Amino acid sequence: MTNTLLEEKESRYDVAIVGAGPGGVMMGIALKEQLGVHDIRIYDKSSDFGGTWLDNSYPGSASDTPAHFYTPTTHINPHWSRTFPPQSELLAYWRGLASQYSLHTNASFFTRVVHASWNATTQHYDIEIEDVRTGERRQEHAKFVVSATGLVSEPRYPEGIQGLGQKGECAFEGVGGLWHSARWRHDVDFHGRKVAVIGNSASAAQFVPCLSADPATHVVNFCRSPNWFVYGARHRYPPALRWVLAHVPLALRIFRMSVILINYGRPIWHTLRQKVKSGGKEGREADLTAYMKRTAPAKYHQQLTPNYPMTCRRPILDAGYYACLHRPNVELRSNAVREVTKSGLRFEDGTEEAFDVIILSTGFITGRSLFTIKGEGGVDLDEFWKSEGRPMAHRGVCVPGFPNLFLIAGPNTVTRNGSAIFTHEVGVDYIVQLLTPLLRPSPCPSLTLRVPLAAYRAFNAAQAPALAAGAAATAACPPSWFRADGGTGANFSTWPGSIYGFWWAMRKVRWEEYDVRDAEGTAVDVGGRWTKVVGALVSVGAVLGMGVGWWERERVGKLVQGALRGH
């Protein structure tokens, strides 16, 4: 492949969206439907819309969030087949939304964004893109850039294993090869093969039961560190119920709310039940340990028992993983893998074992931008974050020194008790509020939006104590994708509060936290325009959330205003 920069007629867009997964689809729909903006371009290195549900096509791939809470509130779906729908259904849903709003006319697939650089002269971003099939490059331009690359899009290959490159390069010559679960090879026949699975994360917990269903497939799962597994009801929705949800007014909204309340009330019930059983001495962790012991083989109980609090990492929904360990063709090992060899794996004790296939279930790269972004003065976003000690943003959306740049699923926006799609939706709604006065006037003036350093500092200072006190970053926690510096640093991922507090803090833009200027550099008062609040939360959940989140938003808002006055 070559890296030729093509000199073609320049393409300029109002908004460039990087990523065609759920965040990119939701952003594209919002721009078209809420702002009437159609001059947009959506870039993705893959072949179609879908994001994580296009990439993660391994056997058993499914949502671990209830289906009816895993959709935007504006596009709820009565046709889900089961509580936790499979990858094929989820992919069809997101592709269907993209088709419904003609987003394919705005998409550039097989296109990787190499870097986006702020041009102070044109007040646009110069975007260098690459055709992943040919290596040819060209430059396009956009007034605003939205990064919707998501948290789980770039596979992580463990650095501690010798003979394994950063992209999975290795000398392994097994008939099935070595690859990451997010790059599943559907051409590999596992029948009669010996398969090594490194890691027992969320993906392995789903595909190991499927692979081992064939008694002729021998699966050896190397558990680097045990995870907490949770359990819950998994069932198909009967056709009669789906008909009611599709045709009876308000039935779908009411059912969706009941799913949310039941799903997030169940852990509380299990904790209370365990406390009653133990006389108040045990809680959720004891309940999950008891579940593991009654479900998994006794010989693996020690290997499967985490020695850290369950709040350190995101727990995994058991999709049959514990039960499949009873099969004679499945082994759970704790051997530390030292090296990938031509024939298989070499372990820390010096022994070596041959395999036909090696599959990595080792997570994704987090804690950095997946494409180079340069802001004012040529400052690199990753370098800026490195100087801050971790990825940081103002309300998870904007970064000082990077005008007209917006992040979906930015730093500290993951809610521990919610749906990723809901937090995406909150972020998209907030970005639309910011863009409304910048894109809607006709003729549209050339306006540039910045977040002042003082507002950014005040917001993150207000979050710092709660983040530092959170269980995800304690000394007792093993490395996780919640944290910077390879999983051992500060918490850069999760929101330091509830999902209700996150929604309340993001429901309305405070324009005093931002700086908007025209092409001549004159400050512009855009006022407090804002779009509608997320629809589904005008409900019982929203009422409950107000009480939980009010203090959080007011506290942070007052700190930001105070910092700006001081500045």
Side-chain angles (χ1 to χ4, degrees), residues 18-19 21-24 44-46 51-56 64-65 112-113 146-161 164 166-168 180-183 198-205 224-225 227 308 311-316 360-373 380-393 396-397 399 405-416 418-421 423-424 427 460 463 467 470-474 477-496 502:
V18 185
D44 200 287
K45 62 184 181 298
S46 297
T52 189
W53 299 115
L54 179 63
D55 294 339
N56 290 275
D64 60 2
T65 300
R112 181 174 71 93
V113 173
V146 179
S147 176
T149 54
L151 285 172
V152 289
S153 58
E154 194 66 29
R156 178 181 176 274
Y157 295 88
E159 298 175 357
I161 298 179
L164 183 64
Q166 294 183 351
K167 297 295 182 181
H180 194 280
S181 61
R183 299 294 181 264
I198 300 178
N200 72 334
S201 63
S203 56
R224 300 181 301 163
S225 62
N227 290 290
Y308 57 86
T311 48
C312 288
R313 291 178 173 176
R314 190 172 188 267
I316 296 172
L360 303 176
S361 178
T362 49
F364 298 85
I365 294 174
T366 60
R368 66 172 177 82
S369 174
L370 297 183
F371 62 102
T372 301
I373 306 175
D380 180 89
L381 179 59
D382 283 326
E383 289 300 316
F384 174 75
W385 279 344
K386 185 176 180 180
S387 70
E388 296 289 285
R390 65 179 177 88
M392 297 169 67
V397 172
V399 181
L405 172 71
F406 308 100
L407 310 176
I408 296 177
N412 297 117
T413 59
V414 177
T415 55
R416 300 289 291 271
S419 159
I421 299 304
T423 53
H424 280 24
N460 284 284
Q463 308 301 311
L467 289 173
T474 63
C477 291
S480 74
W481 62 268
F482 289 159
R483 303 164 68 181
D485 299 329
T488 61
N491 176 6
F492 74 90
S493 301
T494 63
W495 174 259
F502 177 72

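These numbers were taken from a predicted model, which means no experiment stands behind them. All values below were derived from every heavy atom in this structure, side-chain atoms included, with hydrogens, water molecules and symmetry-related copies excluded.
- Every residue two or more places apart in sequence or in another chain was checked for a ring pair (Phe, Tyr, Trp, His ring centres under 6.0 Å) with His424, and none qualifies.
- One distance of note links OG of Ser181 with CG of Leu360; it measures 8.0 Å at 0.5 Å rounding.
- In this structure, the separation between CG on Asn200 and OG1 on Thr362 is 12.0 Å, given to the nearest 0.5 Å.
- For Ser419, the side chain to side chain contact (heavy atoms under 4.5 Å, CB included) criterion is met by Thr65, Phe69, Tyr70, Ile421, Phe422, not counting sequence neighbours.
- Minimum interatomic distance between Ala484 and Gly389 (heavy atoms only, all atoms of both residues): CB-O, 4.2 Å.
- Inter-residue side-chain proximity for Asp64 and Arg314 is flagged as met; some heavy-atom pair is nearer than 4.5 Å.
- Listed here is the closest heavy atom pair of Gly367 and Pro391: O-CG, 3.4 Å.
- Between Thr488 and Pro479 the shortest heavy-atom distance is CG2-CG, 3.9 Å.
- Asp55 has its side chain out of reach of Phe364: every pair of non-hydrogen atoms, C-beta onward, lies at least 4.5 Å apart.
- Note that the OG atom of Ser147 and the CD1 atom of Ile373 stand 5.0 Å from one another [nearest 0.5 Å].
- In this structure, Arg156 has no salt bridge (Lys or Arg N to Asp or Glu O under 4.0 Å) partners at least two apart in sequence or on a different chain.
- Within the 4.5 Å cutoff, no side-chain heavy atoms of Trp385 are placed close to those of Arg368.
- Glu154 pairs by the salt bridge (Lys or Arg N to Asp or Glu O under 4.0 Å) definition with Lys167, not counting sequence neighbours.
- Atom-to-atom distance recorded for Asn56:CG and Arg183:CZ is 8.0 Å, nearest 0.5 angstrom.
- The minimum heavy-atom distance linking Ile408 with Gly23 is given by the pair CD1-O, 3.6 Å.
- Taking Ser480 as the reference, Arg313, Phe482, Arg483 meet the side chain to side chain contact (heavy atoms under 4.5 Å, CB included) condition, with sequence neighbours excluded.
- In plain terms, the two heavy atoms of Leu54 and Ser46 that are nearest each other are CD2-CB, 3.6 Å.
- Legend: residues meeting side-chain hydrogen bond (donor to acceptor under 3.5 Å, both in side chains) with Arg224, ordered by chain and number and at least two apart, are absent.
- Residues forming a side-chain hydrogen bond (donor to acceptor under 3.5 Å, both in side chains) with Asn460 (at least two apart in sequence, or on another chain): none.
- Listed by chain and residue number, nothing satisfies the ring pair (Phe, Tyr, Trp, His ring centres under 6.0 Å) test with Phe371 (two or more places apart in sequence, or in another chain).
- The two residues Leu467 and Pro496 come nearest to each other via the heavy atoms CD2-CB, 3.9 Å.
- Residues passing the side chain to side chain contact (heavy atoms under 4.5 Å, CB included) test with Ser201 are Ser203, Ser361, sequence neighbours excluded.
- Side-chain contact between Ser493 and Thr366: absent, with no pair of heavy atoms (C-beta onward) separated by less than 4.5 Å.
- Using a 4.5 Å heavy-atom threshold, the side chains of Ile161 and Ile198 count as touching.
- In this structure Ala490 satisfies the side chain to side chain contact (heavy atoms under 4.5 Å, CB included) test together with Arg390, sequence neighbours excluded.
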Show your working on side-chain contact (heavy atoms from CB on, under 4.5 Å) between Thr423 and Val414 and close with a plain yes or no. CA-CA 7 Å; Thr423 53; Val414 177; over 6 Å; no
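- A search for side-chain hydrogen bond (donor to acceptor under 3.5 Å, both in side chains) contacts involving Ser369 returns nothing, not counting sequence neighbours.
- No donor-acceptor distance shorter than 3.5 angstrom exists from the side chain of Asn412 to the backbone of Trp495, with no hydrogens or angles considered.
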